[in-house]
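Report on the structure given below.
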Amino acid sequence: MSLRALRWVVSGCLIAGCSGTSRFPPEGVVPRPRAWLAVINPFAVTDSTGRLLEAPFLGGLNAPRPQLIDIDSDGDDDLFLQETTGRLIFLERDGFEAGRLPRFVVRDRAYQGLDIGEWYRFADFDGDGDFDLLAEQPFSHIRYYRNEGTRAHARFVVGADTLFLVDGKPLFSDRQNIPQLADIDCNGLLDLLVGKVDGTASRFEVVAGSDPVPRFRLVTERFEDISIVAQFGSLHGANTMALADADGDGDLDLFWGDFFERGLLLIQNTGSCQAFNYRSAPIQFPAGSPILTSGYNAPAFGGLDGVGPDDVLVGVLGGAYNPNRTTVGNLFALTRDADGGWTQQTRQAVGTIDVGSESIPALVDWDRDGDLDLLLANKIDPDSLTTSRIYRFENTGTTTQPSFRLRDALPLGIGYHFAPAFGDLDGDGFPDMILGSWGPRLGWYRHTGSTNATFKVVDTALITITRGSNTTPTLGDLDGDGDLDLIIGESSGTLNYYRNDGTVRAPAFVLVSDTWEAIDIGRRSAPFLVDVDRDGDLDLLIGSEIDGVSLYRNEGRPSAARFVRDTAFAIDAPALATPTAADLNGDGQLDLLVGGVGGGVLYYSRSPVP
């Protein structure tokens with residue numbers, strides 16, 4: 001048997017549940033328990049231009065909220081990102097090369113386990129030279145974390161769940177507005193600007209000597225009479241702010257991103273540091289060539305290119321101008337030029353696999369070269385906004401050392417929420433595709449048999465489920481008759497089982513149950529059949545909208561499946577999780593890939609439990 005044929009048999013066993021025993025432990029030997037560990041950069045992944053992605057399996061970014069600070073006091077700015085509620089991602093700057101954008105390495109996907117609610121801001125409140133932290137305490141209170149570590153090794157502990165004004169009243173910040181901290185008037189005391197949904201901002205100032213928990217006094221309810229409204233009408237929205245010296249005159253200017261504003265607004269300080277004046281008309285930044293996005297832009301100033309500290313990252317949170325447009329290009333990096341101008345370097349400052357939103361992965365030997373390639377579908381493609389797409393990442397490595405490069409998108413026509421599953425339905429030795437979508441139908445696409453796979457439509461409505469939508473299929477032999485049966489997840493969270501009563505060359509799917517095994521994971525079930533425990537029958541991984549990924553072990557037989565939930569199985573999975581699994585590196589252990597709301601992929605490897 002050729003290597004290519006052997007690889008297809010191996011990957012087919014993972015999908016369809018072959019009964020060979022060469023990969024299983026000897027009888028009576030219990031495999032050592034193994035945990036699933038998330039790995040951000042297990043092997044090389046490049047984009048279509050050949051750029052090496054530094055954080056390929058971060059999971060994608062839809063609404064990154066950045067801040068640049070030197071958290072480890074090594075002389076360069078590190079990066080913090082908030083992508084989801086309550087969680088902070090820490091990326092350490094790796095190296096320093098003048099004139100070039102830095103490479104950031106993910107060190108922690110849930111930094112120190114801190115719960116930051118809907119926003120966060122680092123600042124030195126107690127004047128000891130290290131950064132403390134403010135964050136949202138649900139709902140719209142302000143939590144204070146005090147840094148009890150060192151400048152090089154921060155350690156945050158809760159100092160107060162709620163900050164108070166000097167009169168004893170709690171200090172509120174609307175959770176959809178991200179405030180900003182700086183010493184606006186150069187008096188040595190931090191000021192806090194809190195935006196409001198009416199387009200105005202309040203100014204508070206730290207009270208001197210209010211340690212160990214800072215207290216604030218209200219300076220004004222309407223800072224500098226600023227009122228940000230939409231260009232059309234009188235709409236106000238959620239906002240985020242930053243203070244930085246945009247024009248190099250030694251005082252702080254104000255930047256404002258608003259839900260109803262496509263650009264990032266700059267309000268120049270026409271006064272001085274001691275006597276500020278923010279009453280100039282807002283202009284889009286940078287002047288002459290502004291960033292224009294889907295709105296709600298979050299700026300963060302710091303050092304990027306090694307020339308100076310006045311560069312900026314802009315995270316696009318997605319506002320009133322179709323957030324689907326910016327589900328990939330949403331972390332802009334701009335560097336300051338010698339003449340004071342700005343150059344946009346990239347719209348993806350952190351390199352990660354990202355095809356938009358609500359990704360669904362599949363692993364299949366697409367090009368028949370003996371290794372598994374990665375296909376990744378999205379909800380709606382940000383480049384067209386007219387259809388979903390399935391992107392192909394070619395495995396340019398080997399069966400033991402994989403590496404992937406983004407190549408192209410499959411030509412599938414118009415549809416939304418594409419969800420592919422692969423298996424040989426006509427007995428020709430090539431993987432065919434069952435394709436789910438936003439609606440209740442699933443199509444059958446036959447592999448043409450060429451080396452570079454192309455598919456011919458057999459039936460765009462092979463199956464129409466009895467109820468629900470968001471059809472997400474998986475194929476596997478559940479009754480031991482040698483052909484592939486079909487499990488379909490859908491919007492309500494239950495599973496549909498269609499038994500194949502045809503043959504290995506001519507499938508005929510018959511509905512057995514639309515509430516199969518009484519499994520219900522809440523909403524948006526995304527099943528995948530694979531032999532997780534290497535006992536010769538198929539187990540079931542199921543993704544869900546909010547409950548991550550569940551594992552149901554097959555406690556029946558290869559010819560009569562019976563699934564029981566494994567309550568000990570747990571991974572840190574995203575919302576709208578969609579699992580797939582295979583042995584990517586030939587070590588005899590399954591690797592788990594999970595798509596999700598961020599539009600990327602999370603990768604989980606198995607390692608022995610200590």
The reported gap from CG in L68 to CZ in F104 (rounded to nearest 0.5 angstrom) is 5.5 Å
Should we count CD1 of I546 as having more than 12 external heavy atoms under 6.0 Å?
no
Problem set entry | S357-T327 side chain donor-acceptor pair, cut-off 3.5 Å | no
Salt bridge (Lys or Arg N to Asp or Glu O under 4.0 Å) filter on D339, not counting sequence neighbours, yields none
Margin query: Taking P323's backbone N and O only, do any of them form a donor-acceptor pair with Y296's side chain (distance below 3.5 Å, no angle check)?
Written below: no
Could you check T335 against L101 for side-chain contact (heavy atoms from CB on, under 4.5 Å), going step by step and ending with a plain yes or no? CA-CA 9 Å; T335 54; L101 290 180; 4.0 Å; yes
TODO: Evaluate the criterion salt bridge (charged side-chain N to carboxylate O under 4.0 Å, His left out) for residue pair R524 and E358; output intermediate values, then yes/no.
DONE: CA-CA 11 Å; R524 295 290 294 273; E358 297 186 31; 3.0 Å; yes
Quick note, disulfide bond (SG atoms under 2.5 Å apart) partners involving residues 257-299, not counting sequence neighbours, are C186-C273
| request: Indicate yes or no: does E394 engage R405 in a salt bridge with an N to O separation below 4.0 Å. | output: no
What I want to check is whether the side chains of D115 and Q137 have a donor and an acceptor closer together than 3.5 Å. no
Exercise. Taking the inter-plane angle between the rings of Y603 and F43 on a 0 to 90° scale, is it parallel (under 30°), tilted (30 to 60°) or perpendicular (over 60°)?
Worked result: perpendicular
| said: Quick one about K379 and S388 (side-chain donor to acceptor, distance below 3.5 Å, no hydrogens or angles considered), yes or no? | reply: no
Next item on the list: Evaluate the side chain to side chain donor-acceptor pair (under 3.5 Å) criterion for residues D311 and Q345: first the C-alpha distance (whole Å), next the side-chain angles of each, then the deciding distance (0.1 Å), finally the verdict.
Entry: CA-CA 11 Å; D311 307 312; Q345 302 289 352; over 6 Å; no
- request: Look at the rings of F80 and F90 and say which category their plane angle falls in: under 30° parallel, 30 to 60° tilted, over 60° perpendicular.
  value: parallel
message: Parallel, tilted or perpendicular, judged at 30° and 60°: which one describes the rings of F301 and F255?
response: tilted
For the residue pair T352 and D354, confirm or rule out a side-chain donor-acceptor distance under 3.5 Å.
no
Legend entry - Over 12 foreign heavy atoms within 6.0 Å of CZ, R347: no
Worksheet item: Any chance CD of Q344 has more than 12 other-residue heavy atoms, nucleotides or ligands included, within less than 6.0 Å?
Response: yes
Taken in chain and number order and not counting sequence neighbours, the residues that satisfy salt bridge (Lys or Arg N to Asp or Glu O under 4.0 Å) with R279 are E224, D225
Quick one: do the Y391 and D381 side chains pair a donor with an acceptor below 3.5 Å? yes
The reported gap from CG in D47 to CD in Q348 (rounded to nearest 0.5 angstrom) is 7.5 Å
Notebook entry, point to check: Side chains of R121 and Q180: is there a donor and an acceptor less than 3.5 Å apart?
Noted result: yes
Review point. Using the ring of each side chain (for Trp, its six-membered ring), is Y120 parallel, tilted or perpendicular to F122, with breaks at 30° and 60°?
Key: perpendicular
>> Could you tell me if T200 and S227 have a donor-acceptor pair between their side chains, going purely by distance under 3.5 Å?
In response: no
Rounded to the nearest 0.5 Å, the CE atom of M241 sits from the CD1 atom of I178 at a distance of 9.5 Å
Quiz item: Salt bridge check: are R151 and D130 linked by an N-O gap of less than 4.0 Å?
Solution: no
For the residue pair D591 and Y604, confirm or rule out a side-chain donor-acceptor distance under 3.5 Å.
no
When the ring planes of Y144 and F125 are compared, do they come out parallel, tilted or perpendicular, using 30° and 60° as the limits? perpendicular
T85 and E118: side-chain donor and acceptor closer than 3.5 Å? yes
Step by step, would you call N177 with V197 a side-chain contact (heavy atoms from CB on, under 4.5 Å)? CA-CA 8 Å; N177 302 321; V197 294; 3.9 Å; yes
Tested for side chain to side chain donor-acceptor pair (under 3.5 Å) against S294, the lone hit among N324, T326, N330 is T326
